[in-house]
Amino acid sequence: MSSSLIGGSTYTPKPGFEFRYYTRKELEQSPSKADGLDDEKIGFFRRQFYSFLSRMSAELKLNIWVNQTAAVYCERFFAKRSFAKNDRFVSIR
């Protein structure tokens, strides 16, 4: 596997490492949907935590890649957990 440029340095995955992608079926059967939240409400909650992350990154004068990395972690967190059972602002602090 070849190296790629990430954050100004080269990154070489460990042998046997594979990136994990969620299937459309897994995304459609998310815990949030199982708890009765519709796509509109889930989208609203996502926009709220993106906005919060952006404001927090700007206030702390962090690089944009720090903000984007935090957004990825939040997305992965809520792919396996429900917005209905986990406060989106407590989860990202």
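Excluded from the calculations below are hydrogen atoms, water molecules and symmetry mates; all remaining heavy atoms, backbone and side chain alike, are included.
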>> Does any part of the side chain of V72, heavy atoms only, come nearer than 4.5 Å to the side chain of Q68, both counted from C-beta?
In response: no

> Do V66 and F49 sit in the same hydrophobic cluster, where Ile, Leu, Val, Met, Phe, Trp and Tyr count as joined when their side-chain heavy atoms come under 4.5 Å apart?
Replying inline: yes

> So how far is it from S57 OG to E59 CD, rounded to the nearest 0.5 Å?
Replying inline: 10.0 Å

> For atom CD of E40, is the number of surrounding heavy atoms from other residues, nucleotides or ligands below 6.0 Å larger than 12?
Replying inline: no

>> Quiz question: by atom type and distance under 3.5 Å, do the side chains of Y21 and E26 form a donor-acceptor pair?
In response: no

>> Do L60 and F52 sit in one hydrophobic cluster, given that two such residues count as connected whenever their side-chain heavy atoms are within less than 4.5 Å of each other, even indirectly?
In response: yes

> Does L53 share a hydrophobic cluster with W65, counting links as ILVMFWY side-chain heavy atoms below 4.5 Å and allowing steps through other members?
Replying inline: yes

>> Can you give me the closest heavy-atom contact between K41 and L37, atom names plus distance?
In response: CG-CD2, 4.0 Å

>> Just to verify, what does D39 make a salt bridge (Lys or Arg N to Asp or Glu O under 4.0 Å) with, not counting sequence neighbours?
In response: K33

>> As an exercise, state the distance from CG of L27 to OG of S32, rounded to the nearest 0.5 Å.
In response: 11.5 Å

> Between atom CZ of R76 and atom CZ of R81, what is the distance when rounded to the nearest 0.5 Å?
Replying inline: 11.0 Å

> So do N67 and S54 actually touch side chain to side chain, heavy atoms under 4.5 Å?
Replying inline: yes

>> Grouping I, L, V, M, F, W and Y whenever their side-chain heavy atoms are under 4.5 Å apart, do L62 and M56 come out in a common cluster?
In response: yes

> Does one side chain, of R47 or S51, offer a donor that lies under 3.5 Å from an acceptor on the other?
Replying inline: no

>> Using 30° and 60° as the class boundaries, would you call the ring planes of F83 and F45 parallel, tilted or perpendicular?
In response: tilted

>> Give me the atom names and distance for the closest heavy-atom approach of S82 to A84.
In response: OG-N, 3.0 Å

>> Can you confirm whether Y22 is buried at OH, in the sense that more than 12 heavy atoms of other residues, nucleotides or ligands lie under 6.0 Å from that atom?
In response: yes

